Amino acid sequence: MADTTSLTRAVDHFADRLRAAPQSRLQRGAAAEALALAREMARRTQLIEEPGTPVREMPDAGMFAAADQITVAAHDLALVLTDEGQVDEAVELVAQAQKRAGV
């Protein structure tokens, strides 16, 4: 099992920034970026846990749930990652999403 501390820290920071962001920032795309990240992390988790099954898409629970959705998806992904390269890649996904979200 890989050390996923860097992933959980990065996503917790992003989630905190989303929770502190004004509604206008969430509406301008920050929440959509977070949802896209949550969906990608959930997809990666499912591919590892259930290879060969149809991928299920995480539902859109609304802009105020985006921080919780990335947190849950990242923590699920952290449980199944097996090497540092996968962790580094996931951390980079979080960093890029946060940059695009502008928070």
Side-chain angles (χ1 to χ4, degrees):
M1 179 172 219
D3 179 5
T4 59
T5 305
S6 58
L7 173 58
T8 55
R9 282 187 182 155
V11 83
D12 289 346
H13 176 73
F14 185 17
D16 287 344
R17 299 292 306 210
L18 288 167
R19 289 183 186 105
Q23 182 175 347
S24 60
R25 167 98 50 206
L26 295 175
Q27 289 172 323
R28 285 194 309 265
E33 273 302 328
L35 177 60
L37 174 64
R39 285 177 171 166
E40 177 59 20
M41 288 190 290
R43 184 189 73 79
R44 288 173 183 234
T45 301
Q46 186 181 348
L47 290 173
I48 293 169
E49 289 184 319
E50 303 171 11
T53 62
V55 176
R56 297 175 302 276
E57 185 173 275
M58 180 179 283
D60 183 347
M63 71 178 147
F64 298 115
D68 295 329
Q69 287 183 290
I70 63 167
T71 301
V72 169
H75 285 263
D76 286 349
L77 181 59
L79 290 173
V80 300
L81 296 179
T82 57
D83 67 59
E84 297 302 321
Q86 291 174 317
V87 176
D88 292 343
E89 190 176 326
V91 169
E92 183 60 26
L93 284 175
V94 174
Q96 291 300 317
Q98 185 171 355
K99 183 177 178 180
R100 288 189 302 269
V103 296

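From a predicted model like this one, the values you see are computed outputs, not experimental measurements.
- The salt bridge (charged side-chain N to carboxylate O under 4.0 Å, His left out) contacts involving residues 70-86 comprise nothing, where partners must be two or more places apart or lie in separate chains.
- Checking side-chain atoms of Q98 against main-chain N and O of V103 turns up a donor-acceptor pair under 3.5 Å.
- Judged by distance alone, the side chain of R39 and the main-chain N or O of M58 form a donor-acceptor pair under 3.5 Å.
- Side chain of E50 to main chain of V55: no donor-acceptor pair is present (N/O by atom type, distance under 3.5 Å, no hydrogens or angles).
- With sequence neighbours left out, R9 forms a salt bridge (Lys or Arg N to Asp or Glu O under 4.0 Å) with no residue at all.
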Solution key, residues 15-31 side-chain donor-acceptor pairs under 3.5 Å, sequence neighbours excluded:
| from | atom 1 | to | atom 2 | distance (Å) |
| --- | --- | --- | --- | --- |
| D16 | OD1 | R19 | NH1 | 3.4 |
| R19 | NH2 | D68 | OD1 | 2.8 |

- Begin with the C-alpha distance, continue with both residues' side-chain angles, and end with the deciding distance and a verdict on side chain to side chain donor-acceptor pair (under 3.5 Å) for E49 and T45. CA-CA 6 Å; E49 289 184 319; T45 301; 5.9 Å; no
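- In this structure, V80 is a member of the same hydrophobic cluster as L7, with clusters built from ILVMFWY side-chain heavy atoms closer than 4.5 Å.
- Between A73 and A42, the shortest heavy-atom distance links the atoms CB-N, 4.2 Å.
- Residues E89 and R44 are paired through a salt bridge, judged by an N-O separation under 4.0 Å between the basic side chain and the carboxylate.
- Here the side chains of L81 and I48 are in contact, with some heavy-atom distance below 4.5 Å.
- Of the possible polar contacts, one joining the Q69 side chain to the P59 backbone as a donor-acceptor pair under 3.5 Å is found.
- Within the 4.5 Å cutoff, the side chain of D12 has heavy atoms near those of the H75 side chain.
- Put simply, CD on E33 and CD1 on I70 are 11.0 Å apart, with the number rounded to the nearest 0.5 Å.
- Distance check: L37 CG to F14 CZ gives 6.0 Å after rounding to the nearest 0.5 Å.
- Taking CG from L47 and CG from L77, the interatomic distance works out to 10.5 Å, rounded to the nearest 0.5 Å.
- Among the candidates L93, V94, V87, the single residue satisfying the side chain to side chain contact (heavy atoms under 4.5 Å, CB included) test with V91 is V87.
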